[in-house]
Protein chains: 2
Amino acid sequence: MTSSNKQTQTDKLAAEIGDAILSGVLAPGTRLDEHGLAEQFAVSRTPVREAIRSLAATGLVELRPRRSAVVAEITPAQLEVMFVAMGELEATCARLSAMSMTPIERRRLQNQHERMGALVESDDVAGFIDANLTFHALIYAGSHNSILADMAVGLRRRLDPYRRAQFRSPGRLPRSQAEHDRIMQAIVSGDAATAHAAMLNHVSLVEDTFIGLTATRAA
Amino acid sequence: MTSSNKQTQTDKLAAEIGDAILSGVLAPGTRLDEHGLAEQFAVSRTPVREAIRSLAATGLVELRPRRSAVVAEITPAQLEVMFVAMGELEATCARLSAMSMTPIERRRLQNQHERMGALVESDDVAGFIDANLTFHALIYAGSHNSILADMAVGLRRRLDPYRRAQFRSPGRLPRSQAEHDRIMQAIVSGDAATAHAAMLNHVSLVEDTFIGLTATRAA
DNA sequence: CACCGCAATATTGCATGCAGTTTTTAATTT
DNA sequence: AAATTAAAAACTGCATGCAATATTGCGGTG
């Protein structure tokens, strides 16, 4: 039995449609036809409507009364706002982590960082991307603030499609690792201000990479 | 005609039920009976269900599959997490404001601060509370980051019921005004780090006041 | 007297249907 | 041929109904 069997149809639909949007199967601007989606997922319109409303609250889809809901369009301007917000949230989590991580959590972060060192050596990009997620997740959790952590996770999820290419740039891995080192050191040693600054610097670089990409693409 | 006539029933219900929760008419833990609410608002269960699902996404109500949705309970621990998150968001907005407010926005903030000085002199608590909202709203907007600003607004709205009493403490007004002065000066002069620190200090004091209150109440 | 199981009731999850609005299509006019 | 308008189709918003699950009240048992 699948674990999702316990949830309602609406929940399953919200997850499924949300994934479809995030993975690009449903492109921004796509109209979400209730009848069509209902048929596609072999349910009635009711759970589809409820799922759409859930997704609207997360910002993934836009609700237009009396007209079809559409997959939310993200303008470059909005995307930059999102990247800035993401960076500030990450930096804040790093700051709080420096102040409130338990010794065990600090140790775990250190271990994760060291593990990633090996991945850099072997130039394992896929492995590094995965481990990087964990590294950042540890910092979210270390903030001991579920609200900020949830916001960060949500935004990261949302931005993920736009971050895929970031580690392709040559020399990106060692550079990331060096930045992580500064962040990790600051957090483990309880230096909140440095942790904040180092994380902000780290994510700003990601943002710059992205801005460079869109600028190129737009040209 | 009311401007809300344009919205759907679901939107109106979400707003109405949300207000009822925030204003305390619907206490935490209250079961949201779909049939009862439908009857109360003279609509069918469908829009009620959709409204509840919207509210669930904002965290105001908790959805328990196959069982009644309930008004979300806020434990003291969660409340503290919310206050911390709120403070960090405000501080971040202040930081960004220091960096990116336009001259006009800086001027506006300065004016608002000066206006509040008069309210302190005349000991107009109600007026000050209202002006205080505007002061902080100006800083959210000044961050030029709608995502962070929205998060801050949402959290503030959520915490508002727990902040009501904060300005009752004797001497709170002049003290707030002095803190605002530091924040405003830092923002206007573009000193991001100081703006961040000053705001964090400001909101921490509010939090402390609150913690003191609950501690007293719990005793 | 407390506790457990079972039937009756209440309530949610979902399907379906209808009315009103938007969108599409096609015909008519300039 | 392009534009305008009117009719048709499609779609959303909401109401209602049914099946499945949870809750409540009650009788039996230890």
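These numbers were taken from a predicted model, which means no experiment stands behind them. Each chain gets a letter, A, B and so on, in the order the sequences are listed, and its residues count up from 1.
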**Request:** Name the residue closer to the 5' end of DNA chain C, choosing between Pro47(A) and Arg67(A) according to the nucleotide with the nearest heavy atom.
**Result:** Pro47(A)
**Item:** Side-chain touch His113(A)/Gln177(A), heavy atoms, less than 4.5 angstrom
**Value:** yes
**Asked** Is there a side-chain contact between His136(A) and Gln112(A) (heavy atoms, below 4.5 Å)?
**Response** no
Interatomic distance where [atom1] belongs to [X] and [atom2] belongs to [N] [whole Å]:
| X | N | atom1 | atom2 | answer |
| --- | --- | --- | --- | --- |
| Asp11(B) | dG13(D) | CG | P | 9 Å |
| Asp33(A) | dG13(D) | CG | C1' | 14 Å |
| Arg31(A) | dT23(C) | CZ | P | 7 Å |
| Arg49(A) | dC14(D) | CZ | P | 7 Å |
| Phe41(B) | dC14(D) | CZ | C1' | 17 Å |
| His35(A) | dT12(D) | NE2 | C1' | 13 Å |
| Glu34(A) | dC14(D) | CD | P | 11 Å |
| Glu39(B) | dA10(C) | CD | P | 13 Å |

Is the phosphate of [N] approached by [X] (side-chain N or O, under 4.0 Å from OP1 or OP2)?
| X | N | value |
| --- | --- | --- |
| Arg45(A) | dT16(C) | no |
| Ser68(A) | dT12(D) | yes |
| Thr10(B) | dC14(D) | yes |
| Arg66(A) | dG20(C) | no |

**Prompt:** Ion pair present between Arg157(A) and Asp19(A), side-chain N to carboxylate O less than 4.0 angstrom?
**Reply:** yes
**Message:** For Asp11(A), is there an ion pair with Arg53(B) - N to carboxylate O distance below 4.0 angstrom?
**Reply:** yes
**Prompt:** Mind checking whether His180(A) and Phe135(A) have parallel, tilted or perpendicular rings, split at 30° and 60°?
**Reply:** parallel
**Asked** Is the base of dT16(D) touched by the side chain of Thr46(B) through a donor-acceptor pair closer than 3.5 angstrom?
**Response** yes
**Asked** Side-chain donor or acceptor of Thr8(B) under 3.5 Å from a matching atom on the base of dT12(D)?
**Response** no
**Message:** Just to be sure I understand the rule, does Leu63(A) reach a base, reach only the sugar-phosphate, or reach nothing, if contact means heavy atoms closer than 4.0 Å?
**Reply:** nothing
